[in-house]
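Notes follow once the structure below has been shown.
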Amino acid sequence: MISQADNLAPNRVPDVTIDFWLVKIMAVTMGETAADYLAVKLGLGLTVTSLILGGILIVALVLQFAQKRYVPWAYWLAVVLISVVGTLVADNLIDNFGVRLETTTIVFSVALALTFAVWYASERTLSIHTIFTARREIFYWLAILFTFSLGTAAGDLVAERFDLGYLATGIIFGGVIAAIAFAWFFLGLNSVLAFWLAYILTRPFGASFGDLLSHPVDYGGLGFGATFTSLIFLGCIVAIVLHMTLRKLIDEDELALLD
């Protein structure tokens with residue numbers, strides 16, 4: 001049961017704005033290329049990379065939970081890391097354990113659906129505008145992890161198993177996201193459903209373009225490499241998060257002056 005004090009607590013995740021979607025897409029793109037860089041380029045392998053990044057993610061989530069409110073650098077650090085780890089979870093199942101892409105896509109879809117079902121049964125809402133308790137935040141980050149793993153599996157399924165290529169896959173998922181936005185703007189699609197559908201689909205959308213940029217030409221990419229692609233998107237993420245942080249500080253100062 002949510003207390004009156006909880007209802008007055010600040011939301012711990014950001015509002016959904018253009019900046020939000022820009023950083024989200026860049027984070028998922030970087031998640032794909034950074035996982036490839038660490039596991040392949042540096043030669044760490046999937047298992048070692050997963051253990052290292054998993055440990056760092058735990059530290060980042062501890063920092064995020066400690067904030068008790070939305071703090072841009074803490075939140076987006078957790079998102080970037082969970083993007084990489086979500087990719088690694090799917091890659092481990094596929095490459096190390098030989099699980100088929102069709103199976104991983106189904107498994108992560110079921111896991112995400114169960115997370116939403118338990119979340120709703122417990123809290124009676126899936127809205128991201130009311131993440132003001134630790135329990136809701138746990139559900140939130142668990143759902144985020146499964147969206148990244150599901151997006152990785154689904155994107156690879158369409159691009160590789162269906163042999164459509166990275167560009168066509170990105171365009172397909174981009175078209176579906178545009179259709180969801182249209183349904184929300186003009187057809188009255190439920191905002192919570194629209195958000196989570198778009199959030200899931202931005203993962204394969206961004207990852208497809210990440211693969212397109214980083215993979216060699218012989219494998220259907222543009223050959224920029226995982227290192228260069230990861231650094232470019234990391235730089236963009238840092239710049240936008242700094243902008244978010246400064247804007248938030250200015251808004252808080254203005255509110256303080258009004259008080």
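Because the structure is a prediction, the values reported are computed rather than measured. Every heavy atom of this structure was used, including side-chain atoms; hydrogens, water molecules and symmetry mates were not.
- Hydrophobic clustering keeps Leu51 apart from Ile82 (ILVMFWY residues linked when any side-chain heavy atoms are closer than 4.5 Å, directly or through intermediates).
- Across all non-hydrogen atoms, the minimal contact from Ser50 to Asn92 is OG-ND2, 2.6 Å.
- Phe233 CZ to Ile25 CD1: the interatomic distance, rounded to the nearest 0.5 Å, is 10.0 Å.
- Within 6.0 Å of CG on Leu187 lie more than 12 heavy atoms contributed by other residues, nucleotides or ligands.
- Within the 4.5 Å cutoff, the side chain of Val241 has no heavy atoms near those of the Tyr75 side chain.
- Note: the hydrophobic cluster containing Val62 does not contain Leu57 (ILVMFWY, side chain heavy atoms under 4.5 Å, direct or indirect links).
- Using a 4.5 Å cut-off on side-chain heavy atoms (C-beta onward), Ser83 and Met30 make no contact.
- In terms of modelled atom types and a separation under 3.5 Å, the side chain of Thr229 and the main chain of Thr33 share no donor-acceptor contact.
- In this structure, the side chain of Trp21 does not engage the main chain of Ala198 through any donor-acceptor pair within 3.5 Å.
- In this structure the side chain of Phe20 reaches within 4.5 angstrom of the side chain of Pro14, judged on heavy atoms.
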Ring pair (Phe, Tyr, Trp, His ring centres under 6.0 Å) between Tyr166 and Phe209: does it pass, once the steps are laid out? CA-CA 6 Å; Tyr166 302 121; Phe209 286 104; 10.0 Å; no
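- Judged purely by atom type and a 3.5 angstrom limit, Lys68 has no side-chain atom pairing as donor or acceptor with the backbone of Asn11.
- In terms of heavy atoms, Ala27 sits closest to Val80 at CB-CG2, 4.1 Å.
- Judged purely by atom type and a 3.5 angstrom limit, Asp15 has no side-chain atom pairing as donor or acceptor with the backbone of Thr17.
- The shortest distance between side-chain heavy atoms of Val71 and Gln64 does not fall below 4.5 Å.
- Between Leu88 and Leu53, the shortest heavy-atom contact is CD1-CB, 4.2 Å.
- Linking Ile, Leu, Val, Met, Phe, Trp and Tyr whenever their side-chain heavy atoms come within less than 4.5 Å leaves Leu114 and Tyr120 in two separate clusters.
- When hydrophobic clusters are built by joining Ile, Leu, Val, Met, Phe, Trp and Tyr residues whose side-chain heavy atoms come closer than 4.5 Å, directly or via intermediates, Leu22 is grouped together with Trp76.
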Could you walk me through whether His243 and Asp19 satisfy the side-chain contact (heavy atoms from CB on, under 4.5 Å) test, starting with their C-alpha distance in whole Å, then the side-chain angles of each, then the deciding distance to 0.1 Å, before giving a yes or no? CA-CA 9 Å; His243 168 70; Asp19 286 347; 3.6 Å; yes
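- Taking CZ of Phe108 as the start and CG of Leu145 as the end, the distance is 8.0 Å to the nearest 0.5 Å.
- When only modelled atom types and interatomic distance are considered, Thr87 and Arg203 share a side-chain donor-acceptor pair under 3.5 Å.
- In this structure, Tyr199 and Phe148 have side chains that are in contact, with non-hydrogen atoms separated by less than 4.5 Å.
- Considering CZ of Phe205 and CD1 of Ile171, their distance stands at 9.5 Å, rounded to 0.5 Å.
- A donor-acceptor pair under 3.5 Å links the side-chain atoms of Thr169 to the main chain of Gly165, judged by distance alone.
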Between Val217 and Leu222, does a side-chain contact (heavy atoms from CB on, under 4.5 Å) hold up when you go through it step by step? CA-CA 5 Å; Val217 176; Leu222 296 178; 5.9 Å; no
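- Minimum interatomic distance between Thr245 and Pro72 (heavy atoms only, all atoms of both residues): OG1-CB, 3.4 Å.
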side-chain contact (heavy atoms from CB on, under 4.5 Å) evaluation trace for Val79 with Ile144: CA-CA 8 Å; Val79 169; Ile144 297 301; 5.5 Å; no
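- Phe173 has its side chain within reach of Val158: a pair of non-hydrogen atoms, C-beta onward, lies under 4.5 Å apart.
- Aromatic ring pairs are classed by plane angle as parallel below 30°, tilted from 30° to 60° and perpendicular above 60°; the pair Phe182 and Phe186 is tilted.
- For Gly206 against Thr29, the heavy-atom pair with the smallest separation is O-OG1, 3.1 Å.
- Distance check, rounded to the nearest 0.5 Å: OG1 of Thr105 to CZ of Arg100 gives 10.5 Å.
- In this structure, Ile232 is a member of the same hydrophobic cluster as Leu242, with clusters built from ILVMFWY side-chain heavy atoms closer than 4.5 Å.
- For Ser149 (side chain) and Gly86 (main-chain N/O), a donor-acceptor pair under 3.5 Å exists by modelled atom type.
- In this structure, Ile128 and Val16 have side chains that are in contact, with non-hydrogen atoms separated by less than 4.5 Å.
- At most 12 heavy atoms of other shown residues, nucleotides or ligands fall within 6.0 angstrom of atom CH2 in Trp184.
- With rounding to the nearest 0.5 Å, the separation of CG in Leu81 from CD1 in Ile58 is 11.0 Å.
- Ring geometry for Trp119 against Phe139 counts as parallel: the plane angle stays under 30°, on a 0 to 90° scale with 60° as the upper cut.
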Would you sort out whether Met244 and Tyr70 count as a side-chain contact (heavy atoms from CB on, under 4.5 Å), showing the intermediate values? CA-CA 11 Å; Met244 289 177 171; Tyr70 169 57; 3.8 Å; yes
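- Minimum heavy-atom separation, Pro204 to Gly155: CB-CA, 3.7 Å.
- Side-chain contact between Arg136 and Arg12 is absent, with no heavy-atom pair separated by less than 4.5 Å.
- Taking CG of Leu46 as the start and CG of Leu38 as the end, the distance is 10.5 Å to the nearest 0.5 Å.
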